[in-house]
Engineer: 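Structure below; questions to follow.
Not measured: the values here are computed from a predicted model. No hydrogens, no waters, no symmetry mates; every other heavy atom, side chains included, goes into these values. One is the number of the first residue; the rest follow in order along the sequence.
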Amino acid sequence: MHAKQTATDRRSTVDSPSGDSLAEAQSITAKVLGDSAKTLAAQTESGSYRGPIIGETKLHVIQRQSAHTGIVHPKDLLERQPQIGESVRINYSDTKGVVREFRERAKAQDRSR
């Protein structure tokens with residue numbers, strides 16, 4: 001949850017025995033990012049995320065947020081389904097996710113001669 005007045009974020013890990021898709025998403029995150037990786041649910045009211053898609057389940061896509069964090073996005077809230085390996089920015093507004101291609105900036109090259 002994001003409090004705009006205080007500019008604070010509160011996130012919780014996805015730990016729900018109620019959904020096989022979420023358990024599968026946790027498994028994918030651990031396989032790709034390591035056993036200590038966290039799997040977090042996307043903040044669908046006003047969250048913004050960027051990074052590559054690392055996996056998918058029947059109901060979710062998983063996006064790498066950092067070296068040890070995966071974000072789970074419900075497919076039914078996204079305007080289009082990003083593909084595994086695609087680097088995207090996903091912006092939510094009122095539970096609708098807008099998916100755009102995202103190109104990471106290349107690191108500045110040393111131009112010494």
Side-chain angles (χ1 to χ4, degrees):
M1 182 177 299
H2 181 76
K4 292 187 187 259
Q5 293 82 6
T6 60
T8 58
D9 285 328
R10 186 179 65 198
R11 298 175 185 221
S12 59
T13 56
V14 176
D15 190 27
S16 173
S18 62
D20 290 340
S21 186
L22 292 177
E24 189 179 347
Q26 284 180 311
S27 176
I28 291 168
T29 301
K31 181 184 280 187
V32 175
L33 301 180
D35 291 335
S36 64
K38 294 179 187 176
T39 305
L40 305 174
Q43 298 172 29
T44 59
E45 288 299 317
S46 64
S48 181
Y49 306 92
R50 64 179 183 221
I53 301 301
I54 60 171
E56 71 176 307
T57 68
K58 182 178 178 183
L59 302 175
H60 299 92
V61 294
I62 303 102
Q63 182 179 35
R64 181 176 60 85
Q65 183 70 26
S66 71
H68 300 287
T69 306
I71 302 295
V72 179
H73 300 277
K75 286 181 176 180
D76 63 339
L77 299 183
L78 301 177
E79 67 170 3
R80 74 170 179 89
Q81 303 297 309
Q83 300 299 310
I84 294 174
E86 186 178 1
S87 191
V88 296
R89 178 185 307 265
I90 300 175
N91 293 313
Y92 287 96
S93 179
D94 296 325
T95 68
K96 296 291 181 191
V98 177
V99 180
R100 297 286 182 255
E101 183 178 346
F102 175 74
R103 295 182 189 187
E104 296 186 37
R105 291 185 199 161
K107 292 183 180 178
Q109 296 180 354
D110 184 10
R111 297 183 186 238
S112 61
R113 294 181 191 221

Engineer: Work out which heavy atom in Val88 is nearest to a heavy atom in Pro82; give both atom names and the distance.
Structural biologist: CG1-CB, 4.1 Å
Engineer: Mind checking the CD-CG spacing from Gln81 to Asp76? Nearest 0.5 Å is all I need.
Structural biologist: 8.5 Å
Engineer: Between Ala37 and Thr29, which heavy-atom pair has the shortest distance, and what is it?
Structural biologist: CB-CG2, 3.9 Å
Engineer: For the residue pair His73 and Tyr49, does the interplanar ring angle fall in the parallel (under 30°), tilted (30 to 60°) or perpendicular (over 60°) class?
Structural biologist: perpendicular
Engineer: Cluster question for you: counting only ILVMFWY and a side-chain heavy-atom cut-off of under 4.5 Å, with indirect links fine, are Leu59 and Ile71 together?
Structural biologist: no
Engineer: Please report the shortest heavy-atom distance between Thr95 and Glu45, naming the atom on each side.
Structural biologist: CG2-OE2, 3.1 Å
Engineer: List the steps, then state whether side-chain contact (heavy atoms from CB on, under 4.5 Å) holds for Ile53 with Gln83.
Structural biologist: CA-CA 7 Å; Ile53 301 301; Gln83 300 299 310; over 6 Å; no
Engineer: Which of these passes salt bridge (Lys or Arg N to Asp or Glu O under 4.0 Å) with Glu86: Arg80, Arg103, Arg100?
Structural biologist: Arg80
Engineer: Please test Ile90 against Gln63 for side-chain contact (heavy atoms from CB on, under 4.5 Å), starting from the C-alpha separation and ending with a verdict.
Structural biologist: CA-CA 9 Å; Ile90 300 175; Gln63 182 179 35; 4.0 Å; yes
Engineer: If you round to the nearest 0.5 Å, how far is CD of Gln26 from OG1 of Thr39?
Structural biologist: 5.0 Å
Engineer: Let me confirm one number: the CD-CZ distance from Gln65 to Arg50, rounded to the nearest 0.5 Å.
Structural biologist: 8.5 Å
Engineer: Identify the two heavy atoms, one from Leu77 and one from Tyr92, that lie closest to each other, and give their separation to 0.1 Å.
Structural biologist: CB-CE2, 4.3 Å
Engineer: Compare every heavy atom of Val72 with every heavy atom of Pro74, then report the nearest pair and how far apart it is.
Structural biologist: CD-O, 3.9 Å
Engineer: What is the minimum heavy-atom distance between Ile62 and Ala25, and which atoms define it?
Structural biologist: CG1-CB, 3.8 Å
Engineer: Begin with the C-alpha distance, continue with both residues' side-chain angles, and end with the deciding distance and a verdict on side-chain contact (heavy atoms from CB on, under 4.5 Å) for Glu56 and Lys75.
Structural biologist: CA-CA 9 Å; Glu56 71 176 307; Lys75 286 181 176 180; 2.6 Å; yes
Engineer: Do any N or O atoms from the side chain of Ser87 and from the backbone of Phe102 form a donor-acceptor pair under 3.5 angstrom?
Structural biologist: yes
Engineer: Counting N and O atoms only, with roles assigned by atom type, does the side chain of Glu79 sit under 3.5 Å from a partner on the main chain of Val98, one being a donor and the other an acceptor?
Structural biologist: no
